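Comments concern the structure below.
Quick caveat, the model's predicted, so the values are computed rather than measured. Protein chains get the first letters and strands the later ones, always in sequence-line order, with residue 1 at the start of each.
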Number of protein chains: 2
Amino acid sequence: MKLSRISDSTVRRLSSYCRVLEELDREGRRMVSSKRLAERGGVSSAQVRKDLSYFGSFGRRGLGYNVPRLLEEIRSIMGLNRTWRCALVGAGHIGSALFSYHDFRRRGFDVVAIFDNAEAVVGQKWEDCEIQNVKKLVPEIRRLGVDIGIVATPARAAQEVADLMVEAGVSGILNFAPRKLEVPKEISLRNVNMTIELESLSFALRASETRSRKKRAVSVDE
Amino acid sequence: MKLSRISDSTVRRLSSYCRVLEELDREGRRMVSSKRLAERGGVSSAQVRKDLSYFGSFGRRGLGYNVPRLLEEIRSIMGLNRTWRCALVGAGHIGSALFSYHDFRRRGFDVVAIFDNAEAVVGQKWEDCEIQNVKKLVPEIRRLGVDIGIVATPARAAQEVADLMVEAGVSGILNFAPRKLEVPKEISLRNVNMTIELESLSFALRASETRSRKKRAVSVDE
DNA sequence: CCCACTTTGTGAAAGATTTCGCAAGGAGCG
DNA sequence: CGCTCCTTGCGAAATCTTTCACAAAGTGGG
Ligand SMILES: NC(=O)c1ccc[n+]([C@@H]2O[C@H](COP(=O)([O-])OP(=O)(O)OC[C@H]3O[C@@H](n4cnc5c(N)ncnc54)[C@H](O)[C@@H]3O)[C@@H](O)[C@H]2O)c1
Ligand SMILES: NC(=O)c1ccc[n+]([C@@H]2O[C@H](COP(=O)([O-])OP(=O)(O)OC[C@H]3O[C@@H](n4cnc5c(N)ncnc54)[C@H](O)[C@@H]3O)[C@@H](O)[C@H]2O)c1
């Protein structure tokens, strides 16, 4: 299985199929067809079948997919049947929201250390985790065996924090700062950029307003 | 200009070019080539030129693009040279992080109302904005002329909140709840789903671990 | 003005992703 | 079993996106 040639869009859809399957499981459904799974996930049924076909044949013709079994298969494909150790850097607004979002822990993303550089917050305890000075980042991340670093500092500090994380040996980085980070190519990087989402919404709204203005103009003309 | 056939990836890149251009502007650069813009934005120079070419010719051969002029052009294309009125629903962790993130306001996304359904928070004031009961959402959003609704409630309440927003006449919705929302097709919808980002990171890490395990095994064999 | 060099804008090619369409497997019923 | 109705898995076609490659336009030095 050439995992490297699985497209990012497929991976993201698998993640959303997980959520649909969990819901179906809670509803007590045993089996689900690609059609129904597709409807709930907002894609086409052919897309669901194609996505799954990259990894194997999990369904039964005429019947569909067994819900708990498919959920387990996808979890295993995605590496979700284990715990990932995360370190959060930047104990500000976003950092605090992330830390208190227990759904991540439930899904196996465990924040095992928090770092900041502000005197005012270093030493504070969030639940059972003490915020440490960012100077201790490298040794602490090494000691704790952290897999994933989460960057939740202001944009100007993001690159230097990412550099420290790489030095400390994390395998992946989730970045919330609105700035392109440079990391060695063997480190996986994902960005959450809310500004891009808002701005692309702005583009869509402006585009649809232009369209309706044009439509009105045409009606008046006729 | 057929704006409807501009791809989402192009729009998202335009948004990130904006950030690069702002930075270049702050650095006092007058002109920039597609090559340099591309490097800073993490894409290819042909991609930059192609993206811009959908909207017109903004550069000068042999010279590149005028930084402030291109920034203005892109802002105008994206609808960023105006203020968008936003309503935030869900005054919890994410809601609070968003509200206090003044960079959105600076970019023209103004939160003009906050709603929640919890007795404990309704009536509180965040800066000069009072959190209102979600029951008042429809009339208030109508009265204030809100363009964009931001869903920051738990997933189970997200659809009903979105329905209210649509009833009240918003043009677009930004959704933070990890659930597919149904909205009429004339309403623009964007999702910020951090779970998908984390899970796709998990997939990438698991994939690279598998690869290095295989590599080790091969070395041992040989 | 000429020449060497730079950079845009854009068709056309290459590459990636999605959708189509259907053979084949399986359930259920009489 | 024979017939009908579903549904998967998957190659092939269609569509969408990115990259290539180059003519055309511009700069600057002599
Ligand atoms: N709050 C939001 O809604 C929001 C939205 C979009 C993007 N972001 C981005 O997320 C990031 C964090 O935003 P926020 O609102 O939480 O900011 P914040 O100011 O509330 O928190 C940032 C934290 O990082 C710490 N910090 C600064 N420099 C540091 C360093 N070198 N090492 C370690 N810690 C350091 C600060 O002490 C602070 O505690 C920013 O890059 C911001 O652009 C935030
Ligand atoms: N906190 C995070 O880091 C994070 C990360 C990823 C996704 N999310 C998603 O963002 C959303 C909000 O998360 P949060 O951590 O801020 O949750 P939260 O519990 O801190 O806040 C949710 C708020 O919504 C309010 N609310 C509930 N039902 C409502 C209703 N019907 N109408 C109006 N308000 C209502 C609650 O009173 C609460 O104030 C959730 O869907 C969550 O899954 C959060």
So [X], base contact, sugar-phosphate only, or nothing? Heavy-atom distance under 4.0 Å.
X      : answer
S34(A) : sugar-phosphate
R13(B) : sugar-phosphate
K50(A) : base
R60(A) : sugar-phosphate

NE2-CZ distance between H93(B) and F176(B), expressed to the nearest 0.5 angstrom: 15.0 Å
Salt bridge (charged side-chain N to carboxylate O under 4.0 Å, His left out) partners for K50(A), two or more places apart: none
Contact interval (first through last nucleotide) of DNA chain C with protein chain B, 4.0 Å heavy-atom: dT6(C) to dA12(C)
Partner of E199(B) by salt bridge (Lys or Arg N to Asp or Glu O under 4.0 Å), out of R107(A), R13(A), R12(A), R75(A): R107(A)
Y54(A) side chain reached by R5(A) side chain, heavy atoms, under 4.5 Å: no
Interatomic distance where CD belongs to Q47(A) and P belongs to dG9(D) [whole Å]: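 The distance from CD of Q47(A) to P of dG9(D) comes to 15 Å, rounded to the nearest Å.
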Candidates R36(B), K35(B), R30(B) - the one meeting side chain to side chain contact (heavy atoms under 4.5 Å, CB included) with V32(B): R36(B)
OP1 or OP2 of dT18(D) under 4.0 Å from side-chain N/O of Y54(B):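 For dT18(D), OP1/OP2 do not have a side-chain N/O of Y54(B) under 4.0 Å.
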Closest nucleotide among dC10(D), dA21(D), dA23(D) to the R49(B) side chain: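 Among the listed nucleotides, the one closest to the side chain of R49(B) is dA21(D).
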Check: D147(A)/S171(A) side-chain N/O donor and acceptor closer than 3.5 Å: no
